[in-house]
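Below you'll find the structure, written out as structure tokens, and then a few comments.
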Amino acid sequence: MQTAASTGGVPGQYTAHSLVEGFPGKSASHGAFGWSSLWLLDDGTRRVLIDAGQPAYIPLIHAGLERLGLTPGDVTDVLLTHMHWDHVSNFTMFENAVTWVGEDELAWAAEQPAGTKFIPDLHVQELMRRTDGVERMRPGQEIIPGIHAVESAGHTPHHLAFFTERTEQPLVFAGDSVKNVHELATSRVDSTMDDDASVRTIDRLRSLMRDTAGLLLPGHDVGLALDGGEVRRVREQRAQISFFADALSDETDRSIG
């Protein structure tokens, strides 16, 4: 798993760990892959998960935390970028964490009829129901020390990104406001509720990257950097996939990368 930033043990700074790397894939026959990015920020006191992932990530989350000597009970905060199933579903597994959700995003999601695409109705209802362990947040807010919410509408009406400079290199956690390398490079956004708002958001986040020499961590890709104005991945993108092609053959590697 990728570690995007190392603090070298500097007090008050976070180390960023990639628990699951996002992948920018789509399937016309089986719906969205839902392979979203999952990051942990750890300063030795606060352990902050950026998004909660989809249900299939549960064993990956356990394994990723175990590699760091942690359990789900050690996570102190879960920050949700938006109310789609692949970013929200596992918030309940972090029993000691405060879950931070955008006030306007949650209110919007709660107003949508059951069966609205990508919105996990029961999870939204549970976030609305809980009076303990759930906190609302707004754009511009310093949610916890050194981590700020950034308005990033488009993909959903009240999407939030997160920004921190308390790492070796500043980091922008874009969620699905920027899903992959193509979107950051071209400002052509797939699966957005407001094309114009998405373009404005990408412009804003690119400016933040330039101004801070930061990395952008997209919702469905590896980390992205600006290099002389060009967008590049900080490492190779790859998804490990296997396939049973016929009745007699063993499992075949069909990895993408």
Side-chain angles (χ1 to χ4, degrees), residues 1-4 16-40 49-68 70-72 75 78 80-94 115-123 155-156 159 173-186 188-193 198 215-225 231-257:
M1 288 295 173
Q2 176 184 8
T3 299
H17 304 279
S18 174
L19 299 185
V20 184
E21 291 187 322
F23 184 77
K26 298 173 65 177
S27 170
S29 60
H30 289 81
F33 277 11
W35 293 350
S36 52
S37 306
L38 201 59
W39 286 88
L40 182 77
L49 193 67
I50 310 297
D51 281 333
Q54 54 140 312
Y57 278 9
I58 290 174
L60 300 177
I61 292 169
H62 281 289
L65 291 173
E66 185 176 351
R67 282 191 295 273
L68 301 172
L70 302 172
T71 70
V75 174
V78 178
L80 301 178
T81 58
H82 64 295
M83 289 292 99
H84 282 172
W85 68 279
D86 54 324
H87 296 258
V88 171
S89 293
N90 298 322
F91 82 89
T92 56
M93 72 183 285
F94 305 101
T116 298
K117 65 178 182 179
F118 307 137
I119 295 180
D121 305 325
L122 296 180
H123 293 80
H155 180 70
T156 60
H159 191 292
F173 297 91
D176 282 2
S177 65
V178 182
K179 293 184 288 300
N180 55 60
V181 64
H182 176 78
E183 292 187 353
L184 185 62
T186 67
R188 293 196 295 271
V189 180
D190 181 59
S191 184
T192 178
M193 297 183 70
S198 283
L215 288 179
L216 184 137
L217 305 175
H220 292 264
D221 212 334
V222 298
L224 305 176
V231 177
R232 62 172 179 85
R233 286 180 168 127
V234 298
R235 59 172 310 209
E236 180 184 0
Q237 174 60 269
R238 183 172 175 81
Q240 293 177 277
I241 301 172
S242 59
F243 175 57
F244 289 94
D246 56 51
L248 300 178
S249 301
D250 291 332
E251 189 174 356
T252 303
D253 182 5
R254 296 291 179 87
S255 295
I256 304 170

Quick one: does any side-chain atom of D253 pair with a main-chain N or O of S242 as donor and acceptor, under 3.5 Å? no
Working to the nearest 0.5 angstrom, can you tell me the gap between R67 CZ and H62 NE2? 13.0 Å
Between the main-chain N or O of G175 and the side-chain N or O of D51, is there a donor-acceptor pair closer than 3.5 Å? no
Distance, nearest 0.5 Å, that separates OG1 of T156 from CE of M193: 7.5 Å
Verdict with supporting geometry, D190 and N180, side-chain contact (heavy atoms from CB on, under 4.5 Å): CA-CA 10 Å; D190 181 59; N180 55 60; over 6 Å; no
So do the side chains of F23 and I256 get within less than 4.5 Å of each other, counting heavy atoms only? yes
So which heavy atom on L80 is nearest to which on A52, and how close? CD2-N, 4.1 Å
In chain order, what residues pass the ring-ring contact (aromatic ring centres under 6.0 Å, His included) check against F243, with sequence neighbours excluded? none
Taking only residues two or more places apart in sequence or in another chain, which ones pass salt bridge (charged side-chain N to carboxylate O under 4.0 Å, His left out) with R232? D227
Does D176 reach the main-chain N or O of K179 with its side chain, forming a donor-acceptor pair under 3.5 Å? no
Give me the one residue out of H87, H84, H82 that meets side-chain contact (heavy atoms from CB on, under 4.5 Å) with F118. H84
Where S36 and G53 come nearest, the two heavy atoms and their spacing: OG-CA, 4.4 Å
Kindly write out the residues that satisfy side chain to side chain donor-acceptor pair (under 3.5 Å) with D246, not counting sequence neighbours, or none if the list is empty. S249
How many angstroms lie between atom CE of M93 and atom CD1 of I58, to the nearest 0.5 angstrom? 5.5 Å
Does the S27 side chain pair with the main chain of A32, one donor and one acceptor, at a distance under 3.5 Å? no
Do you know the tightest heavy-atom contact between H159 and S177? NE2-N, 3.3 Å
Please lay out, stage by stage, how L40 and L70 fare under the test side-chain contact (heavy atoms from CB on, under 4.5 Å). CA-CA 11 Å; L40 182 77; L70 302 172; 3.8 Å; yes
Do Y57 and S89 have side chains that approach each other closer than 4.5 Å (heavy atoms only, starting at C-beta)? no
Tell me, please, which residues at least two apart from T92 pass side chain to side chain donor-acceptor pair (under 3.5 Å). none
Donor-acceptor pair, side chain of T252 and main chain of D250, under 3.5 angstrom: yes
Report the C-alpha separation of N90 and L38 in whole Å, then their side-chain angles, then the decisive distance to 0.1 Å, and conclude whether the side-chain contact (heavy atoms from CB on, under 4.5 Å) test is met. CA-CA 11 Å; N90 298 322; L38 201 59; 6.0 Å; no
Heavy atoms of W35 and A239 approach each other most closely as CZ3-CB, 3.8 Å
Ignoring hydrogens and geometry, is there a side-chain-to-backbone donor-acceptor pair from H155 to S191 under 3.5 Å? yes
Going by side chain to side chain donor-acceptor pair (under 3.5 Å), name the residues that satisfy it together with D121, two or more places apart in sequence or in a different chain. none
Looking only at heavy atoms, what is the nearest atom pair of L215 and A225, with distance? CD2-CB, 3.6 Å
Who passes salt bridge (charged side-chain N to carboxylate O under 4.0 Å, His left out) against R233, sequence neighbours left out? D221
Is it the case that over 12 heavy atoms from other parts of the model lie below 6.0 angstrom from the CD atom of E251? yes
Drop me the distance from L60's CG to E21's CD, to the nearest 0.5 angstrom. 11.5 Å
With side chains defined as the heavy atoms from C-beta onward, is the minimum distance between H220 and D86 less than 4.5 Å? yes
Check the pair W85 / H123 against side-chain contact (heavy atoms from CB on, under 4.5 Å), numbers first and verdict last. CA-CA 8 Å; W85 68 279; H123 293 80; over 6 Å; no
Could you tell me whether the side chain of P24 reaches within less than 4.5 Å of the side chain of H182, counting heavy atoms only? no
Where the side chain of S37 meets the backbone of P218, is there a donor-acceptor pair that is under 3.5 Å apart? yes
Enter the distance from Q54:CD to I61:CD1 here, rounded to the nearest 0.5 Å. 9.0 Å
If I compare all heavy atoms of G223 with all of L217, which pair ends up nearest, and what's the gap? CA-CD2, 3.7 Å
